[in-house]
Amino acid sequence: MRKPGSVLKEMFENLGTRPVTILYPKEKVPIPEAFRGKIAIRDEKCIGCSKCAIVCPTQCITMVANEREVEVKGKTIVRKKKPEVELYMCIRCGLCEEYCPTDPKAIYLTNAFSGAGPDKEVVVK
Amino acid sequence: MSELLKVEQVAKAMEGLGTVDAMKPNRIRVATTPAKVKEAVQRALKDLKCDHVVQIAAVDNGKSFELIYNLTGPHHTVVSILLELPRDKPEVPTASDLLPPAGLYERQIHDLLGIVFVGHPNLKRIILNEDWPENEFPMRKDWKPNPNTFYGGVHTEEAK
Amino acid sequence: MTEVVVPIGPHHPALKEPVNFKVVADGETIVRLELDVSYNHRGIEKAAEQRDFVRVVPLLERVCGICSHSHTTVFVKGIEEAMKVQIPPRAQYIRTIVAELERIHSHLLWFGVAAHEIGFNTLFMWTWRDREAVQDMLEEMTGNRVNYGINEVGGVRRDLTPEQIQAALKRLPHLEDRIAKYRDMVNKEATMMIRFRGVGKLSKDDILKLGAVGPTARASGVDYDIRKDDPYIAYADVPWQVITDTHGDVYGRTLVRIGELQQSLQIVRYCLENLPAGPIKITTPRAAPRGEILSRYEAPRGELVHFIRTNNTDKVERLDIRTPTLANWTSVAVSLVHQNLADIPVIVAAIDPCLSCTSRITIVNERGKKTGEMTWDELSAHGREFYRKRGRA
Amino acid sequence: MDPILLAVYILLFPGFLFLLAYAFFFQFLDRKIAARMQARVGPPLLQPFADFVKMLGKEVIDVKGMDRKAFDAAPLLALAAVMTAFLYVPIVGNSPLAFQGDLILVLYLLTLPTIVLFLLGWLSRNVFATIGGVRAVTQMFIYEVPFFLALLTPALMAGSWSITDIVAWQQSHLWFAVLQPIGFVVALIGLQAKLERTPFDIPEAETEIVAGPWTELTGRRLAMMRLTMDVSMVVGSALVAALFLGGPRIPWTITPDWLSWIVGFGLFFVKTLGVLLVLASIKVATGRLRIDQLNDVGWKYLASAAILQVLIVLLMNYWWVSA
């Protein structure tokens, strides 16, 4: 049966057990792999269809002119543009990853969650 | 759980005030005019035993303003009283004496759409910030933020 | 005794969000109170009118930090109703699971903050520690602790893998045991009882007259719960019941919220165990036919209402959001008069105000002081120069 | 006692230097116990000392139109009062400065910080601070009477107003914690209220009136005032340990002089830590009372318990002494 909860008993139990808080910079928190973290771009997979730029809610993806052969389903095509993401405008919603037609997604969210930085206009190429 | 109101019940309670139609089993709408809105709300409170105002929605559909009073009660049916206000003189008697929470909702609608609620105890600004320019109502369809008026926040031109 | 005007807010340690009470106190009891909301109005309704259905969902997720899933679900449910589209049952169940997990972590958060208001920091630490289990579940399922981004018009964006379901089910017993312990503590812990009993008391017809919603109303015996009155997503076929109480004061609201915690855990367990198979979303037409929907939802703080009017385009013609906290303000202001100054934080916290829901614009207003955009190095140069000058002066 | 040894006694070992170090250690221990009870890690050992040094360096902000000199002097006055009180409490053996009536002096010096807090609240021209100051004084009236009664009953039984004599009396009889349990409990609760810790931290109720009288204290003033609170915690628990738990003496005497000093200090150390553990667990286990609730609790239960205790002591004195 469940022991009745009393504040005093719980306090002294806690005195014995290990504390729950972790000292963040030294000890790290385990991140689930499904976590939506910092955005990243696989340049070799991108076919320049700019679907991600259209669907982005905060319009932080701009298409930049960039010629490159890309191998898609056996054929190699020359793509005209590639996406550039303004990192601190991105709200990490993952819509771009969802609408990207390439197989290993050309634009995807890693699970790096710490993203502070001094430069406001940093851009992920 | 008492069962839902019937359309006939609402029609009988509201006859003479406006047309009644049921969009869904638990949504019954009464279209009425601004003059009769107080009477309609009173009847809803008394005859139809509605005791809880869900929301007062305000819409600017280009031509005129529409106000929808949504009321509900233990019968779990939403009785919504719809009325249209002319664009040039949007005035309607207040419902805050019958429904106390309406005081806050009406002040918010007044801020955003500029509908004047006659008889409201203090129709002061509640939702926009203090130095938002007078009689500029952001939720109106024809409202465009013109660049040279100052809408609060940082005095950018002096800062340059 | 001369009357003292005590400003509580907008920046006040007790209120985590900006609301301003100009309180006129005679000694310790409050005589008159001026309420000043909306330091946080962001014009979301106007912004929502310029976004199509795919891009408006992330915007609506950010109406409120804690109940972000509520705002997206109520909107998406309304649009699906307008499009007369039925989403697959698996998506309904996943939405219910995330909704109830959000209610659990919101109530646990509230319970900790309420204990902190009366200075009982131990319970604050314990409840927020147990809340981590719920946050981990949500993080594994939806990819983020708060803004879940799981909803979209026509269904859900992510599926639940069997491992995630097992991991979640393993965490539930511990949570159930902890919440049962908290229920005992509330009834046994002396200072909590003294500070919660009889504070901010509202009778049943007060609540109905003042239009209070959610746990605040249910604590005085009003059994309005949209999940029962107007069932949506998967609440119709999940066995649970509405928790009401008769105390009507902060103590009653605590009991209602703890009861709801236990009910939500049961709902999550039921949904996880018999999650129907099948697709998780359907393709919906781009535009919604002309229509007017009043979409209601039981958010952790009370009844949340989205009035949506669609006009045959892929954008909303008008979105009118009425949040539970806006409905609760009148009842708080009335129940605060003749109370003690020391009780303000407890009574205000009792309705669990969520200010970023209620008003949605934040404009920094530095009247008179000249502030402009400073780049990083300008700021640090300014800092060094300022202190060097001070050093010499 | 020749002056050099006295100077060492006052300034170095059981005097001010030891007191400051012990105060920092007490604050560390209090925060560590509270943290571990709340399943948190808690601060490292030197954290209080680091806080103190950092606060000394911080900028001192003066409220416009404030009486600067008075605002600077008040924390120092409180600190001085509390540190002198420490000299009369026996730590190692007898305190060389003991005189008939030093218990009253120590009690008076211990109430000075609360009055200084009220003064700070009044001087800092801030509505939160003024309300905090008024609350500090109202709270003082509530718990002072039972606290004094509880601390004076040992003197009644031991028949002398000097703490050293009371400790000596306890050496040959039972401890007062055993003889007067009610007085011991009331003294502990009164001490918790005097130090303004959680069930009684109404004056600086963080969630209601920002920080009460502490609101406008910044920089070195805040450092001094926090140090005063730590030192008064040490002095308070040393006083309760001396009066109720027999202080640094043991019934049988140990021949070599320096060994009995060490044992005495060890006993003092253990007893004050015991009192600290009780204070910390009270702080963790309860929430904050409202000022009017404190009024009912204070007068109904604390005061009547203290008076009952005095009654029992008078009866025991009469019946025991005459028999």
Side-chain angles (χ1 to χ4, degrees), chain A residues 1-40 57-58 60 85-94 97 108-122 124, chain D residues 25-48 50-51 54 181 184-186 188-189 191-192 195 197-201 207 233 237 269-290 293-294 297 301:
Chain A
M1 229 295 282
R2 187 186 46 71
K3 304 197 295 302
S6 96
V7 178
L8 280 177
K9 198 158 55 55
E10 170 117 14
M11 270 163 39
F12 289 106
E13 269 163 25
N14 281 345
L15 211 53
T17 54
R18 225 178 64 75
V20 171
T21 46
I22 58 147
L23 307 174
Y24 168 61
K26 292 200 263 310
E27 302 152 12
K28 279 281 187 289
V29 184
I31 313 163
E33 28 65 44
F35 181 74
R36 287 181 275 120
K38 201 171 169 185
I39 195 151
T58 57
C60 68
V85 183
E86 247 186 282
L87 184 59
Y88 291 126
M89 282 271 285
C90 163
I91 56 171
R92 301 177 176 180
C93 61
E97 184 177 359
Y108 62 99
L109 292 173
T110 62
N111 61 8
F113 66 92
S114 62
D119 173 8
K120 265 207 281 200
E121 281 83 20
V122 74
V124 172
Chain D
F25 178 68
F26 248 50
Q27 191 198 42
F28 157 73
L29 213 56
D30 175 35
R31 284 165 64 178
K32 193 75 173 179
I33 294 171
R36 277 299 161 83
M37 284 185 183
Q38 295 170 354
R40 289 184 290 119
V41 178
L45 177 66
L46 291 179
Q47 184 65 36
D51 289 350
K54 180 198 69 176
F184 183 49
V185 168
V186 169
L188 278 178
I189 295 173
L191 184 59
Q192 183 82 346
L195 301 171
R197 288 156 61 85
T198 293
F200 309 97
D201 65 347
T207 51
M233 183 155 66
S237 52
F269 196 74
V270 164
K271 286 171 186 167
T272 39
L273 289 190
V275 170
L276 176 71
L277 183 69
V278 172
L279 292 186
S281 47
I282 296 176
K283 164 178 148 177
V284 169
T286 54
R288 183 183 308 122
L289 288 176
R290 255 199 338 246
Q293 286 161 350
L294 179 68
V297 168
Y301 304 114

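Keep in mind that the numbers below use all heavy atoms, side chains included, and drop hydrogens, waters and symmetry copies. Chain naming here is simple, since letters A, B, ... match the order of the sequence lines and numbering starts at 1 in each.
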So, is the end of the D:K271 side chain (NZ or CZ) under 6.0 Å from the ring centre of D:F269 and within 45° of the ring's axis? no

Where does D:T286 contact chain A at under 4.5 Å (heavy atoms): side chain, backbone, both or neither? neither

Would you check if the side chain of D:K32 reaches a backbone N or O of D:V41 as a donor-acceptor pair within less than 3.5 Å? yes

Heavy-atom cut-off 4.5 Å, strictly under: side chain, backbone, both or neither for A:L8 against chain D? side chain

Turns out that what part of A:I22 lies under 4.5 Å from chain D's heavy atoms comes down to neither

Atom CD of residue position A:E33 - does it have more than 12 heavy atoms of other residues, nucleotides or ligands inside 6.0 Å? no

Students often mix this up, so state it plainly: with edges at 30° and 60°, are the rings of A:F35 and A:F113 parallel, tilted or perpendicular? perpendicular

